[in-house]
Amino acid sequence: MQQNIAYVALVVTDYDEAIAFYTQKLHFTLREDTVLSETKRWVVIAPPGTTGSGILLAKAANEEQQSRVGNQTGGRVFLFLHTDDFTRDYQNLLDHGITIVRQPVTEVYGTVAVFADLYGNLWDLIGPER
């Protein structure tokens, strides 16, 4: 048996502002943007160099979904972005004015910093030990 996680849904307020943030500030790749209806699109993004799973940007369709935007995990780190060059990518966060929630620290698994995306979701940026 072989299985994998293809997508993780990230609830957003607006497709275009989310695409702009992830592609322009984090340099993610826009893999797909297909219109499904007047209000729904199939939008998939992924970090550069990723060939497997992606993030499905899912526009909040009602009040309950909108209440989850930016807080899908109750304030815990939601997504973990591994990098081959922590210094480069951390500097990119600073250069784009992205909110740093926790400064870099060295852990047994590498160097890690926590940042918030445009909606406030928390991400770990994890790289090889500096």
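Only a predicted model underlies this, so the values are computations on that prediction, with no experimental measurement involved.
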Checklist entry - Between Phe78 and Leu10, is any pair of side-chain heavy atoms under 4.5 Å apart? => result yes

Next on the checklist: So which atom in Arg41 and which in Val35 form the shortest heavy-atom distance, rounded to 0.1 Å?
Outcome noted: CG-CA, 4.0 Å

Checklist entry - Nearest 0.5 Å, what's the OG1-CG distance between Thr111 and Leu125? => result 9.5 Å

Checklist entry - Can a donor-acceptor pair be found between the side chains of Glu17 and Tyr119 at a distance below 3.5 Å? => result yes

Checklist entry - For Gln91, what residues pass the side-chain hydrogen bond (donor to acceptor under 3.5 Å, both in side chains) criterion, not counting sequence neighbours? => result Asp95

Next on the checklist: Taking ring-ring contact (aromatic ring centres under 6.0 Å, His included) as the definition, give me every residue that meets it alongside His82, ordered by chain and number, with sequence neighbours left out.
Outcome noted: none

Next on the checklist: Could you check whether any side-chain N or O of Gln66 sits under 3.5 Å from a backbone N or O of Thr13, counting only pairs where one atom can act as donor and the other as acceptor?
Outcome noted: no

Checklist outcome for this item: Between Tyr90 and Pro104, the two heavy atoms sitting closest are OH-CD, 3.4 Å

Checklist entry - Among all residues two or more places apart in sequence or in another chain, which pass the salt bridge (charged side-chain N to carboxylate O under 4.0 Å, His left out) test with Glu63? => result none

Next on the checklist: Hydrophobic clustering (ILVMFWY, side-chain heavy atoms < 4.5 Å, transitive) - are Phe28 and Ile5 grouped together?
Outcome noted: yes

Checklist entry - Among all residues two or more places apart in sequence or in another chain, which pass the side-chain hydrogen bond (donor to acceptor under 3.5 Å, both in side chains) test with Asp89? => result Thr83

Checklist entry - In terms of heavy-atom contacts, does CZ of Arg76 have more than 12 from other residues, nucleotides or ligands at under 6.0 Å? => result no

Checklist entry - How would you list, by chain and number, every residue that makes a side-chain hydrogen bond (donor to acceptor under 3.5 Å, both in side chains) with Glu107, sequence neighbours excluded? => result none

Next on the checklist: Checking Val114 now: which residues fulfil side-chain contact (heavy atoms from CB on, under 4.5 Å) with it, not counting sequence neighbours?
Outcome noted: Val77, Val101, Arg102, Leu122, Asp124

Checklist outcome for this item: Contacts of Asp14 meeting salt bridge (charged side-chain N to carboxylate O under 4.0 Å, His left out) (sequence neighbours excluded), chain-then-number -> none

Checklist entry - Looking only at heavy atoms, which two atoms of Gly127 and Phe86 are closest? And how far apart? => result N-CD1, 3.8 Å

Next on the checklist: Is a donor from one side chain sitting under 3.5 angstrom from an acceptor on the other, for Tyr15 and Asp33?
Outcome noted: no

Checklist entry - Taking all non-hydrogen atoms of both residues, which atom of Gln103 and which atom of Ile100 are closest, and how far apart? => result NE2-CG2, 3.6 Å

Item to check | Hydrophobic cluster membership, Leu81 vs Leu94, 4.5 Å side-chain cutoff | outcome: yes

Checklist outcome for this item: Separation between CZ (Phe80) and CD1 (Ile126), nearest 0.5 Å, reads 6.5 Å

Checklist entry - Who passes ring-ring contact (aromatic ring centres under 6.0 Å, His included) against Phe115, sequence neighbours left out? => result Trp123

Checklist entry - Looking at residues at least two apart in the chain, or sitting in another chain, which of them share a side-chain contact (heavy atoms from CB on, under 4.5 Å) with His96? => result Lys25, His27, Asn92, Ile98

Next on the checklist: For Ala18 versus Val12, what's the shortest heavy-atom pair and its separation?
Outcome noted: CB-CG1, 3.9 Å

Item to check | Partners passing side-chain contact (heavy atoms from CB on, under 4.5 Å) against Gln24 (at least two apart in sequence or in another chain) | outcome: Ala20

Checklist entry - Got Val112 and Val105 here, is their nearest side-chain heavy-atom distance under 4.5 Å? => result yes

Checklist entry - Applying ring-ring contact (aromatic ring centres under 6.0 Å, His included), which residue pairs with at least one partner in residues 36-72 are found, sequence neighbours left out? => result Tyr7-Trp42

Enumerate, atom names and distances included, each donor-acceptor pair closer than 3.5 Å involving a side-chain atom of residues 44-57, sequence neighbours excluded.
residue	atom	partner	partner atom	Å
Thr50	OG1	Pro47	O	3.1

Checklist entry - Can you find a heavy atom in the side chain of Asp117 that is under 4.5 Å from one in the side chain of Tyr22? => result yes

